[in-house]
Amino acid sequence: MSHSLLLRHADVLVTMDEQRREIKDGAVLIEDNVITAVGASRDLPGTADEVINLQGHVVMPGMVNTHHHMVQSLTRALPAAQDAELFDWLSALYPVWANLTPPMIRASAHTAMAELILSGCTTSSDHLYIFPNGCRLDDSIEAAHDIGLRFHATRGAMSVGQSQGGLPPDSVVESEAFILKDTRRVIEAWHDPARFSMTRVGVAPCSPFSVSDALMRESAKLARAYSVGLHTHLAENDRDVAYSFEVYGVSPAHYAEERGFLGPDVWHAHCVKLDEPGVRLFAASGTGIAHCPCSNMRLASGIAPVRFMCDAGVPIGLGVDGSASNDSGHMLAEARQAMLLQRVGFGPTAMSARQALELATRGGARVLGRDDIGQIAPGMAADIIAFDMRGIAHAGAQGDQVAALLFGTPGNVSLSIINGKVVVRQGRLLTMDLEKIITRHNEWAVSLLA
């Protein structure tokens with residue numbers, strides 16, 4: 001049976017549509033899981049099966065997280081890794097992650113997803129690349145189904161251990177034959193290419209310093225054979241770039257080009273140190289970037305030239321990255337940091353609040369290859385969030401409530417609708433018991449560290 005939902009009287013409705021309309025006293029009509037009408041409240045029907053009054057709220061499209069390692073939520077603020085750059089940070093954490101179990105994967109995914117949803121994310125990618133003790137990507141996919149998040153799961157992999165010149169210990173790498181076999185299995189079991197799909201699967205060898213040249217090439221072939229997305233880390237810091245030149249004799253961008261990792265079906269995490277020719281190569285090929293400002297600052301990787309990348313035409317979305325390198329998974333806070341960090345690096349006009357919000361919505365949708373999310377417009381998926389602007393954090397911000405979302409303290413959503421279903425109401429997660437999620441997560445974190 002069809003169900004209609006009407007959102008009315010939003011102080012400002014930020015559509016992020018083709019005209020970037022911002023509608024005062026805005027309204028949205030939803031039929032099942034699709035937006036059917038958008039406009040001023042006076043111009044839309046006044047009744048529906050359910051009507052929600054959003055006076056005092058800013059309403060916008062659900063945000064899209066393009067890069068995460070959800071399992072890392074179990075190892076936040078680990079003392080041995082608090083003051084390390086990328087390679088040393090990984091070296092400290094690999095031995096801990098070697099003890100992960102399937103229930104830990106599921107529990108950490110519940111925690112990461114709950115944090116994302118409450119902060120305004122409605123679609124998230126995740127890059128799980130370590131599979132000890134029977135762990136499978138299925139564990140995190142099932143967690144997304146539990147909680148109601150639109151999910152792009154990527155089957156990561158590490159195949160080159162320390163004995164072969166790689167960074168990870170041999171104990172956490174897999175054989176390449178098994179990696180490719182299991183990746184096919186997960187795609188065939190879970191990937192849904194349909195419009196409004198809630199589950200998609202991508203291929204994601206971890207990084208140039210943890211997989212072989214052959215696996216990178218075979219991964220690209222596999223992704224194209226199944227018409228799924230292709231993802232990896234690239235040019236994250238100076239040591240990462242040095243490794244590319246020392247081992248492969250080329251820049252990270254040309255490494256990606258030679259292995260089939262360019263194109264509109266590909267997105268790379270970080271790219272902090274992507275050089276100007278690399279930026280031009282990404283722009284010309286439509287290759288996307290997941291910009292992760294908090295992680296880049298936390299690990300002292302540097303400031304990605306996002307303003308230059310955007311102006312060059314590179315598709316860019318935002319990513320919270322792993323919660324052991326951030327150590328937060330708050331999507332609105334990530335957008336705020338994206339705005340502020342570009343200003344630190346390139347001046348006060350380098351990024352506006354609205355430009356940062358666009359990266360978090362339309363930008364992320366483009367990077368993940370979605371034409372059905374990231375904006376509030378008829379025919380789009382009903383992924384919509386609302387922030388209550390009547391609290392202390394936004395007092396006095398009546399001049400521009402939209403910009404206040406980022407210039408003020410980032411808050412949690414009052415309302416979240418994902419695929420037409422109310423997932424958060426009055427700031428409370430409806431699909432799962434948040435207190436139980438946190439308790440279970442902390443128990444597994446203690447167990448893992450022990």
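Residue numbers run from 1 in the order of the sequence given.
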Margin query: As an exercise, state the distance from NE2 of His110 to CD of Glu142, rounded to the nearest 0.5 Å.
Written below: 9.0 Å

Notebook entry, point to check: Around atom CD of Gln55, are there more than 12 heavy atoms of other residues, nucleotides or ligands at under 6.0 Å?
Noted result: no

Margin query: For Asp88 and Arg239: C-alpha separation, side-chain torsions, deciding distance, then whether salt bridge (Lys or Arg N to Asp or Glu O under 4.0 Å) applies.
Written below: CA-CA 11 Å; Asp88 294 336; Arg239 288 180 70 180; 3.7 Å; yes

Notebook entry, point to check: Do Asn326 and Gln72 pass the side-chain hydrogen bond (donor to acceptor under 3.5 Å, both in side chains) test, and can you show the C-alpha distance, the side-chain angles, and the key distance before you say yes or no?
Noted result: CA-CA 10 Å; Asn326 187 325; Gln72 294 179 12; over 6 Å; no

Next item on the list: List the steps, then state whether side chain to side chain contact (heavy atoms under 4.5 Å, CB included) holds for Ser197 with Arg370.
Entry: CA-CA 10 Å; Ser197 164; Arg370 304 286 303 228; 4.3 Å; yes

Notebook entry, point to check: Is there a donor-acceptor contact under 3.5 Å linking the side chains of His145 and Thr199?
Noted result: yes

Note to self: Would you compute the distance between atom CG of Leu262 and atom OG1 of Thr287 and round it to the nearest 0.5 angstrom?
What the structure shows: 4.0 Å

Next item on the list: Give a yes or no on this: more than 12 heavy atoms of other residues, nucleotides or ligands lie within 6.0 Å of atom CD of Gln19.
Entry: yes

Check: Is it true that a side-chain atom of Asp126 and a backbone atom of Met70 form a donor plus acceptor pair closer than 3.5 Å?
Finding: yes

Next item on the list: Indicate, with yes or no, if the rings of His268 and Phe282 have centres closer together than 6.0 Å.
Entry: yes

Next item on the list: Taking Ser323 for its side chain and Ser73 for its backbone only, find out whether a donor-acceptor pair lies under 3.5 Å.
Entry: no

Notebook entry, point to check: Just by distance, with hydrogens left out, do Asn412 and His330 show a side-chain donor and acceptor under 3.5 Å apart?
Noted result: yes

Notebook entry, point to check: Looking at CD of Glu22 and OG1 of Thr15, how far apart are the two atoms once the value is rounded to the nearest 0.5 Å?
Noted result: 7.5 Å

Next item on the list: Could I get the full list of ring pair (Phe, Tyr, Trp, His ring centres under 6.0 Å) partners for Tyr129, not counting sequence neighbours?
Entry: His69, His127

Item checked: Positive for ring pair (Phe, Tyr, Trp, His ring centres under 6.0 Å) with His270, one of His291, His67, His231 -> His67

Item checked: Test side chain to side chain contact (heavy atoms under 4.5 Å, CB included) applied to Asp321 and Arg298, step by step -> CA-CA 11 Å; Asp321 202 13; Arg298 158 77 156 78; over 6 Å; no

Note to self: Does Glu188 have more than 12 heavy atoms from other residues, nucleotides or ligands lying within 6.0 Å of its CD?
What the structure shows: yes

Check: With a 3.5 Å cut-off and no angle check, do the side chains of Thr75 and Trp97 form a donor-acceptor pair?
Finding: yes

Notebook entry, point to check: Side chain of Arg150, backbone of Ser124: donor and acceptor closer than 3.5 Å?
Noted result: no

Check: Are Met339 and Gln355 side-chain neighbours, meaning at least one heavy-atom pair lies under 4.5 Å?
Finding: no

Note to self: With a 3.5 Å distance limit and no angle check, can you tell me whether Ser41 reaches the backbone of Asp25 through a side-chain donor-acceptor pair?
What the structure shows: yes

Notebook entry, point to check: Sequence neighbours excluded, which residues qualify as side-chain hydrogen bond (donor to acceptor under 3.5 Å, both in side chains) partners of Arg366?
Noted result: none

Notebook entry, point to check: Would you say the side-chain atoms of Ser4 pair up with the backbone N or O of Asp49, donor to acceptor, closer than 3.5 Å?
Noted result: yes

Notebook entry, point to check: Is any side-chain heavy atom of Ile303 less than 4.5 Å from a side-chain heavy atom of Gln342?
Noted result: yes

